[in-house]
Amino acid sequence: MSDKPTMRIKANGSIRVTGEVDFVDAEGKVIETKSDFSLCRCGHSKDKPYCDGSHRDAGFEAPGN
Ligand code: FES
């Protein structure tokens with residue numbers, strides 16, 4: 001199994017990040033290291049940048065799906 005993180009775009013939903021990644025600020029300083037989480041791409045989450053499941057209630061439909 002690879003240590004390389006992956007991002008999987010879910011149909012009409014979030015972006016699932018698997019593996020460990022650094023969150024870096026504008027100056028390049030690591031502000032947080034996190035693994036295995038989902039990012040919001042619908043704009044409705046109350047916990048951005050993370051998905052909180054709101055895409056389901058919002059009826060989010062991603063382009064191309
Ligand atoms: S993609 Fe899940 S709340 Fe936005």
Side-chain angles (χ1 to χ4, degrees):
M1 184 172 188
S2 172
D3 292 331
K4 188 169 127 182
T6 59
M7 299 176 76
R8 185 167 68 92
I9 299 170
K10 299 176 86 176
N12 299 321
S14 65
I15 300 171
R16 181 70 183 164
V17 179
T18 303
E20 189 174 278
V21 296
D22 292 334
F23 285 66
V24 181
D25 69 12
E27 284 74 43
K29 178 182 168 196
V30 175
I31 53 175
E32 185 177 6
T33 300
K34 199 168 169 78
S35 61
D36 303 334
F37 55 91
S38 295
L39 294 171
C40 176
R41 69 176 177 136
C42 75
H44 293 281
S45 175
K46 293 171 183 61
D47 189 29
K48 292 180 193 83
Y50 307 108
C51 171
D52 68 358
S54 294
H55 60 271
R56 291 186 209 98
D57 290 338
F60 174 65
E61 291 186 25
N65 282 325

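Atoms within a ligand are numbered from 1 in the order they appear, just like the ligands themselves.
- Within the model, atoms CZ of R16 and SG of C51 stand 9.5 Å from one another, a figure rounded to the nearest 0.5 Å.
- Of all protein heavy atoms, the one lying nearest to atom 2 (Fe) of ligand 1 is H55 ND1, 2.2 Å.
- Close approach to R41 involves these atoms of ligand 1, each under 4.0 Å from a residue heavy atom: 1 (S), 4 (Fe).
- Taking every heavy atom of both residues into account, S54 and D52 meet most closely at OG-OD1, 2.6 Å.
- Cation-pi geometry between K34 and Y50 is satisfied (NZ or CZ under 6.0 Å from the ring centre, within 45° of the ring normal).
- Remark: ligand 1 atoms within the under-4.0 Å shell around heavy atoms of D52 are 3 (S).
- Taken to the nearest 0.5 Å, the NE2 atom of H55 stands 7.0 Å off from the NZ atom of K10.
- The SG atom of C42 and the SG atom of C40 meet at atom 4 (Fe) of ligand 1 at an angle of about 100°, given to 10°.
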